[in-house]
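First the structure, in the form of C-alpha cells, and then the observations on it.
Counting convention: from 1, in listed order, for ligands and their atoms alike.
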Amino acid sequence: MMQDDIFQKIIDREISANIVFEDERCLAFRDLHPQAPTHVLIIPKKAIPTHSDLTDDDRDLLGHMHLVAARLAKDFGLNDGYRLVVNCLDRGGQTVPHLHFHLLGGRDMTWPPG
Ligand code: DGP
C-alpha cells in the first residue's frame, strides 16, 4: 500500500536521513530497512510519484540519475556488481509515492526477484 511522500520530507529536511549524495537535481540516502550491505535510494528532487508518470521532459533527469547510481556504485566499492531496482505501483511493490532507484550491493543477488 502506498504511503505519504515521505521522501519529499527528506528533501525538505523535515525528517532526517543518512544522505550520501546531493546535487541540484537529485538526492541519495541510505534505506531505512537495508536489504543488502549497501542499500541506497536515489531520488529526483522533482516530485514524480512513480515510474509510469515519467514523460519526455524527464529524459535528462533520468540519464543523470543513472550516472549518479553508477558513480555511487563505484564510491561504495561495488566493483563486482550491483542491482538497480525501480518498484512501480502496488503490484511492483512500491510503497513510497516518489520515484526512486534502489542501489543494492555487497552480496550475491538472486533471480527471479520475489
Ligand atoms: P519501495 O518499496 O520501492 O517504495 O521502497 C521504499 C523504500 O523506502 C523501502 O525500502 C524503505 C525505505 N524507506 C521508507 N521510509 C523511509 C524513511 O523514512 N527513511 C529512509 N531512509 N528510507 C525509508
| Can a donor-acceptor pair be found between the side chains of His64 and Asp23 at a distance below 3.5 Å? |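 A donor-acceptor contact under 3.5 Å links the two side chains.
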| query | Quick one: do the Asp31 and Gln35 side chains pair a donor with an acceptor below 3.5 Å? | reply |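 Per modelled atom types, Asp31 and Gln35 side chains form no pair under 3.5 Å.
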| field | side chain to side chain donor-acceptor pair (under 3.5 Å) partner of Arg59, the single match among Asp56, Asp57, Thr55 | value |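 So the option named by the test is Asp56.
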| task | Taking ring-ring contact (aromatic ring centres under 6.0 Å, His included) as the test, write out the residues that go with Tyr82, two or more places apart. | result |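 Residues passing ring-ring contact (aromatic ring centres under 6.0 Å, His included) with Tyr82: none at all.
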| message | Please output the residues near ligand 1 using a strict heavy-atom distance under 4.0 Å, listed in chain and residue-number order. | response | Ile6, Phe7, Ile10, Ile15, Phe29, Arg30, Asp31, Leu32, Leu41, Asn87, Gly93, Gln94, Thr95, Val96, His100, His102
| field | Contact list for residues 105-114, test side-chain hydrogen bond (donor to acceptor under 3.5 Å, both in side chains), sequence neighbours left out | value |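 As it turns out, there is no side-chain hydrogen bond (donor to acceptor under 3.5 Å, both in side chains) pair with a partner in residues 105-114 once direct neighbours are skipped.
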| Partner residues of Asp60 under the side chain to side chain contact (heavy atoms under 4.5 Å, CB included) criterion, sequence neighbours left out |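 With neighbours one apart ignored, the set is Arg25.
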